[in-house]
Structures are given as C-alpha cells and as structure tokens.
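Below: one structure, written as structure tokens.
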Amino acid sequence: MEAPRVLSAVSDQPRVHDFLARALSEGRLSHAYLFVGAPGSGKIDAAGALAKAIVCPNGGDGTCDECRRVSHHTHPDVHWLAPASATGYLADQVRDLIADVNLAPMRAKSKVYVLDRADLLRGTAANALLKTLEEPPAGVVFILCGRTVAAMLPTIVSRCQVVPFRVTSPDAALAAVVRESGASERDARIALAVAGTPARACEFLNSTERRQVRRLVVRTVGELSRDDSWDVLKSAAEIAAAVKVPLAAIKDAQEAAVKESSDFLTSAALKAVEAANKRELTARERSGMMEAVSAAESMLRDVLVSCEGVETDIVNADAADAVARISAMTDAAGAVRALKACSDAAANLSHNVSAQLTLEVMLLAIKEAL
C-alpha cells in the first residue's frame, strides 16, 4: 500500500500514518474524526494532510494547486475553525457551519471542516453541531482536534472516530525532520525549537521568510545589552514587519479565491468569507509571532544552560558567540527572568493582545532581566 505523499506530514506518528493511509486506500473514510493529543503532537498538521488527500485530484501529491490552497487555508472546500471567544465556540459559528455544510462543494468532490480546540465546543454550540455531526450530507468530513477525550463532551466523542496522537520524543522528531527535509541536524534542531512539530519544522526550513524572522530575533536578543529602548522598539517593528512578509502571498490567494467564487455566492456569504479570511490572516500573523517568541526562548535557554555550566550542545550553534557574550554578562536567575518574559508573551498572544506590542514588551523585559 503506497500512502499519499501528503501523509509524510505525520511520518513521526506511524500508527496515525498507517491508519489514515489504509482508510484512504480502501475508501473507508469516516464522516467524523476526533484527533486527540497534547499540544505539539501534530494534530493540526495531520488534519491538513488528510484534507489535502481528500480534495486533491492526484491522490494527495502535495504539489498541485488544490494542495497549495489547503496549505494556505484558501481552499473553498476546506474550512478551518477555531473558537471565536476566549470561552469557546459561539453558537453563531456553528450555525454558519451547518448552513455551509448543506451547500455543494465549489472545487472538489468533498468538503472538509477542521475544528481546532474542539474541547471548547460547549452548550448551545455543541448541541447545534450534534445532529449534523451524526448525519452529515454525503461527501462531508469533519476533523475535530482536542487534547483528550476526557475534555470533550461524550455526545461529541460518540459521533467521531477517535485517533490518538502521542508526543514525539526529541530524538524521533529530530530524525523525522532530517529525513524529510534533508537538513543538517543543527538546522533541524533549530527548526524544531522554533516551529514545534516535525511537519512545521520542515515548512520552516523551506521558508526563507520564516528563517529570516528567526535571524532577526537572534540578532536582536544578542544586541539587547548594547541597545537603548528606542533601538529595541525599532527592532520589534522590524521583526513584526518580517512576520507579515509571507502573509502577502496568502492574502493574494484569498482575494483570488473570493473573486473566483463571487459569481455564485450571495453578498452575505461573500462577507462571511472575507471575515473568515481576515481571521485567518490574523491567526497566521499570531503564529508567526509565536515562532519569533520561540526563537528568543530557545536562545535564552541556551544562555541558561551556559550559565549553569551544563555539559551539552546548545541549540543555536550559529549564535554561539552571542550566547557566550550574554552568559558572561548575566547569571542563571537573570536568564530565568528573561525566559519568563517569553512565556508571558506567548500567553498574551494566545489572548489576542496586539502582536507588535507583545513583542516590544517582551524584548524590553528581556533586556531588563539580563
């Protein structure tokens, strides 16, 4: 059995890989899946891979226009949803989803709905989804992603085929990135520190723009001791601008997709699509900022390791001089305070605080801590 090429995104989850490959090859896809696992286990990467395999006319080759649209979140038949409020999914979100489910696909033969953080489906929103989840129209596949079955409503779980994800060991993740990307172990280790999962690390290594953001962060953290507050704010603005560079191509793809669909969508539907596209761009900007925070955090962990005299290789080997310079100027307590500034920044981003403001506050706090 030859697995679809796109399933290489879950090569570090062999059981999930083989399970999905078998379901696709035998034409036995379920109408609803529940991917469960800890953050960083690759559930969303797997959802994207499965969506590509479903809508791709070439069996999930990963290179065609359909697959690229799924990667950019601009495919009109693959819908990505996340809780619209801090407390969970809104009933209106689910009602809009149900209304869309009953419409025919625009480009593919099937439609896919990916619901991230499905454990936040509660109350009216969950009840509104239940009947559709149990008996969706033909050619509709739901992929729900949550942390644990225990965190989900039993009525939701009972209507889905549960697919458990395990947390990949660091050695296995590193081997997967080296194997899939052809990168050196040093670059693969850096990519994992920034992007989190093997699939995203491979994407990071293939993106000149995302690697440039990481270089800017490393340079900025390395020069904080020499910079005044105005320099720090300028650096934050430069990083924020670099994060937005890859979004231009996604925005163009979104606009092209809207134009292509405008002839057969109502004005209300077009507004809904435009609003969803705007949310997607915001989410992608936040994800880029999260990578910037992770890059700073990784470098500061190297500083802490150096301050503690731990005999191990640092992750950011290409910034060894900067790590040594910072370590000579601070101590372990300072490095820990700087790391807390990174964790605070990640929390602020997850609560929709302004991305650039979050970055500015983080860099100034790191400067003070060191």
Side-chain angles (χ1 to χ4, degrees), residues 4-7 9-10 20 23-25 27-35 43-82 84 89 93-116 118 129 132-145 159-161 163 249-281 283-284:
R5 190 171 170 184
V6 292
L7 290 187
V10 287
L20 295 179
L24 288 163
S25 67
R28 294 189 299 102
L29 280 177
S30 173
H31 68 280
Y33 290 98
L34 173 57
F35 291 177
K43 302 184 297 292
I44 292 295
D45 298 332
L50 180 56
K52 290 175 186 176
I54 290 171
V55 303
C56 176
N58 306 316
D61 62 6
T63 60
C64 68
D65 185 50
E66 304 300 299
C67 289
R68 285 195 296 270
R69 285 173 181 256
V70 175
S71 293
H72 292 159
H73 290 200
T74 58
H75 197 292
D77 297 320
V78 179
H79 303 266
W80 303 82
L81 291 90
Y89 280 87
Q93 278 185 282
V94 177
R95 292 191 188 102
D96 290 343
L97 181 157
I98 293 170
D100 189 86
V101 162
N102 293 305
L103 300 176
M106 293 182 188
R107 291 177 62 96
K109 295 180 180 179
S110 301
K111 300 174 74 173
V112 182
Y113 296 84
V114 182
L115 282 73
D116 191 15
L129 183 62
T132 301
L133 199 58
E134 185 174 17
E135 298 178 354
V140 171
V141 177
F142 287 96
I143 307 172
L144 281 64
C145 300
R159 288 161 171 79
C160 300
Q161 188 160 1
V163 182
I250 296 171
K251 187 175 181 180
D252 289 344
Q254 287 179 342
E255 291 173 352
V258 169
K259 185 176 180 180
E260 186 178 298
S261 309
S262 60
D263 290 340
F264 48 89
L265 288 181
T266 65
S267 59
L270 280 172
K271 286 182 180 178
V273 169
E274 289 167 354
N277 286 345
K278 185 176 180 180
R279 288 195 298 271
E280 172 62 22
L281 286 172
R284 290 207 172 229

Spacing of [X] atom [atom1] and [Y] atom [atom2] [to the nearest 0.5 Å]:
X: I143; Y: L34; atom1: CD1; atom2: CG; result: 11.0 Å
X: L115; Y: C160; atom1: CG; atom2: SG; result: 9.5 Å
X: L7; Y: L50; atom1: CG; atom2: CG; result: 7.5 Å
X: H31; Y: T132; atom1: NE2; atom2: OG1; result: 10.5 Å
X: C56; Y: R69; atom1: SG; atom2: CZ; result: 13.0 Å

Show the nearest heavy-atom pair for residues [X] and [Y], with the distance to one decimal.
X: D61; Y: N58; value: OD2-ND2, 3.0 Å
X: S110; Y: V55; value: O-CG1, 4.1 Å
X: A32; Y: L133; value: CB-CD1, 4.0 Å
X: C67; Y: K52; value: O-CE, 3.6 Å
X: K111; Y: D100; value: NZ-O, 2.6 Å
X: F35; Y: K43; value: O-CD, 3.4 Å

Without swapping roles, check the side chain of E66 against the backbone of H75 for a donor-acceptor pair under 3.5 Å.
no
Where the side chain of D45 meets the backbone of A9, is there a donor-acceptor pair that is under 3.5 Å apart?
no
From CA spacing to verdict: side chain to side chain contact (heavy atoms under 4.5 Å, CB included), V70, V112:
CA-CA 10 Å; V70 175; V112 182; over 6 Å; no
Set out, in order, the CA-CA distance, both residues' side-chain angles and the distance that settles side chain to side chain contact (heavy atoms under 4.5 Å, CB included) for D65 and R107, then state yes or no.
CA-CA 11 Å; D65 185 50; R107 291 177 62 96; 3.1 Å; yes
R5 atom CZ, over 12 foreign heavy atoms within 6.0 Å
no
4.5 Å side-chain heavy-atom contact, L24 and P4:
yes
Test side chain to side chain contact (heavy atoms under 4.5 Å, CB included) on L129 and F142; report intermediate values, then the result.
CA-CA 11 Å; L129 183 62; F142 287 96; 4.2 Å; yes
Evaluate Y113 against V140 for side chain to side chain contact (heavy atoms under 4.5 Å, CB included), listing each step before the verdict.
CA-CA 8 Å; Y113 296 84; V140 171; 3.8 Å; yes
